Amino acid sequence: MDMDTRLLRYFTVVAQEGDLTRAAERLFLSQPALTQQIRQLETRLGTELFTRSRAGMTLTDAGMALAASAPAVLDAWDGALRATRGATARADRILRVGFVAGGANELTRRIVAEFARRRPGWRVQLTRTACDDPTAGLAGGTADVALLRLPFPGQEALDIEVLLTERRWVALPTAHRLADQQEVDFTDLLDEPFVAAPPESGWWRDHWLAADERDGRPPKIGAVAHTPEEWLTAIAGGHGVALTPEAAALETTAHDGHPDVTYRPVRGVGPTEVGVACARGTQVPQAVRDFIEACVTARDEPTPAT
């Protein structure tokens, strides 16, 4: 019997949440659509996987058996997809580089140039990912190597080389009471609503909410953004403020940015780091190793005079 891995993924989330509404929100599906998918899976398997009640969704014995096995099946399938896609890209002499929030800033061009020197005939395919994927494609197998903001969930399973450290700034609605200040104290932001990444982004979300630097005061969430465009729109619309890397703030300002968003340095909050990351292990492709070496070379070179 053929099985759609999508149905297994939906089942796994419902099993984890024990509630259709929460599972549907996490999967960005409507509740009726998710219900239909779970019914379809039960029909294919010929058994009920959940007992439905007002209290939620409880796994049946068959459901518990599937819940115990499904994660390993999905991990194996994801691993096979990553290996296949990576091999295809390498055969075409393409290195897939994911990045978030500006990549390695001004280093990015120097890194790409150094990699081209090391690997003539190869092409770097740079892909910016959404806010809900802090691994920039590494987790999903759509990137061979990535330029990432640290920290992020799952980083302990990767090899990471830190490339640079920079301040965090704040993005404010232009009409905000603090927008006229040259520098903003983080204590003045503690009671402000924040535009945040989705909850499933874990440490990434917490870092950009400065959750560890609030003296136990939980952040207020004014909006959740999945893409840079949603992030900007929410801030411009007055739904909240947000911390952002200094380089991203300066780059956006230099290109005239959004007329309703203003960026200011923040006092009293720690810096952020940018690193290059890849899968850990002895089977890392040489092209990936060459890219990491290119990153280190670009980092250690003197900054060209302007």
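Please read these numbers as outputs of a predicted model, since none were measured by experiment. The first residue of the sequence shown is numbered 1, and numbering continues consecutively from there.
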ask   = Do other residues, nucleotides or ligands put more than 12 heavy atoms under 6.0 Å from the CD atom of Q36?
value = no
query = Considering residues at least two apart in sequence or located in another chain, which fulfil the ring-ring contact (aromatic ring centres under 6.0 Å, His included) criterion with F291?
reply = F115
key: salt bridge (Lys or Arg N to Asp or Glu O under 4.0 Å) pairs, two or more places apart, involving residues 183-198   = R167-E183, R177-E192, E183-R267, D185-R267, D191-R217
task = With sequence neighbours left out, write down each residue that passes ring-ring contact (aromatic ring centres under 6.0 Å, His included) with F50, or none if nothing qualifies.
result = F11
inquiry  = Do P285 and D144 make a side-chain contact, defined as non-hydrogen atoms from C-beta onward lying under 4.5 Å apart?
reply    = no
remark   = Shortest non-hydrogen pair, E213 vs G270, comes out as OE1-N, 2.7 Å
key: Inter- and intrachain pairs under ring pair (Phe, Tyr, Trp, His ring centres under 6.0 Å), touching residues 259-279, at least two apart   = none
inquiry  = Within the 4.5 Å heavy-atom criterion, are E166 and R149 side-chain neighbours or not?
reply    = yes
task = For residues P173 and G238, report the shortest heavy-atom separation together with the two atoms involved.
result = CG-CA, 4.0 Å
inquiry  = Restricting to salt bridge (Lys or Arg N to Asp or Glu O under 4.0 Å), what partner residues turn up for D159, sequence neighbours left out?
reply    = R280
task = Please examine the side chains of L66 and L45, heavy atoms only from C-beta on, and report whether any two atoms are closer than 4.5 Å.
result = yes
message = Pairing donors with acceptors under 3.5 angstrom, does anything connect the side chains of T51 and T60?
response = no
task = For the residue pair L95 and V288, establish whether any side-chain heavy-atom pair is separated by less than 4.5 Å.
result = yes
remark   = side chain to side chain donor-acceptor pair (under 3.5 Å) filter on T297, not counting sequence neighbours, yields R118
request  = Would you check if R6 and Q37 make a side-chain contact, meaning some heavy-atom pair closer than 4.5 Å?
outcome  = yes
side-chain contact (heavy atoms from CB on, under 4.5 Å) between L163 and L147, worked out = CA-CA 9 Å; L163 300 178; L147 299 168; 4.0 Å; yes
inquiry  = Pair E293, D290 - check side-chain contact (heavy atoms from CB on, under 4.5 Å), show working.
reply    = CA-CA 5 Å; E293 290 176 6; D290 288 344; 4.1 Å; yes
inquiry  = Which residues pass the side chain to side chain donor-acceptor pair (under 3.5 Å) test with E48, not counting sequence neighbours?
reply    = none
query = So which heavy atom on R93 is nearest to which on P120, and how close?
reply = NH2-O, 3.2 Å
task = Would you mind reporting whether R299 and L164 have side-chain heavy atoms less than 4.5 Å apart?
result = no
ask   = Of all residues at least two apart in sequence or in a different chain, which pass the side chain to side chain donor-acceptor pair (under 3.5 Å) check with R109?
value = none
remark   = By salt bridge (Lys or Arg N to Asp or Glu O under 4.0 Å), R52 pairs with (sequence neighbours left out) E42
task = Could you tell me the separation between the OG1 atom of T58 and the CG atom of D19, rounded to the nearest 0.5 Å?
result = 10.5 Å
note = Contacts of R264 meeting salt bridge (Lys or Arg N to Asp or Glu O under 4.0 Å) (sequence neighbours excluded), chain-then-number -> none
key: Hphob cluster co-occupancy, V162 + V296, side-chain heavy atoms under 4.5 angstrom   = no
remark   = Note: A277 and L148 closest approach over all heavy atoms is CB-CD1, 3.7 Å
key: Contact list for residues 177-200, test ring pair (Phe, Tyr, Trp, His ring centres under 6.0 Å), sequence neighbours left out   = none
query = Shortest non-hydrogen contact from A24 to L34?
reply = N-CD2, 3.6 Å
query = Got L189 and V269 here, is their nearest side-chain heavy-atom distance under 4.5 Å?
reply = no
inquiry  = Counting C-beta onward and ignoring hydrogens, is there a side-chain heavy-atom pair between E246 and P265 closer than 4.5 Å?
reply    = no
ask   = Minimum heavy-atom separation for H239 to A223, with atom names?
value = CB-CB, 4.0 Å
key: For E25, all residues meeting salt bridge (Lys or Arg N to Asp or Glu O under 4.0 Å), sequence neighbours excluded   = none
key: Stepwise side-chain contact (heavy atoms from CB on, under 4.5 Å) test for I221 and L209   = CA-CA 9 Å; I221 307 302; L209 292 171; 3.9 Å; yes
inquiry  = Atom CG of residue position D61 - does it have more than 12 heavy atoms of other residues, nucleotides or ligands inside 6.0 Å?
reply    = no
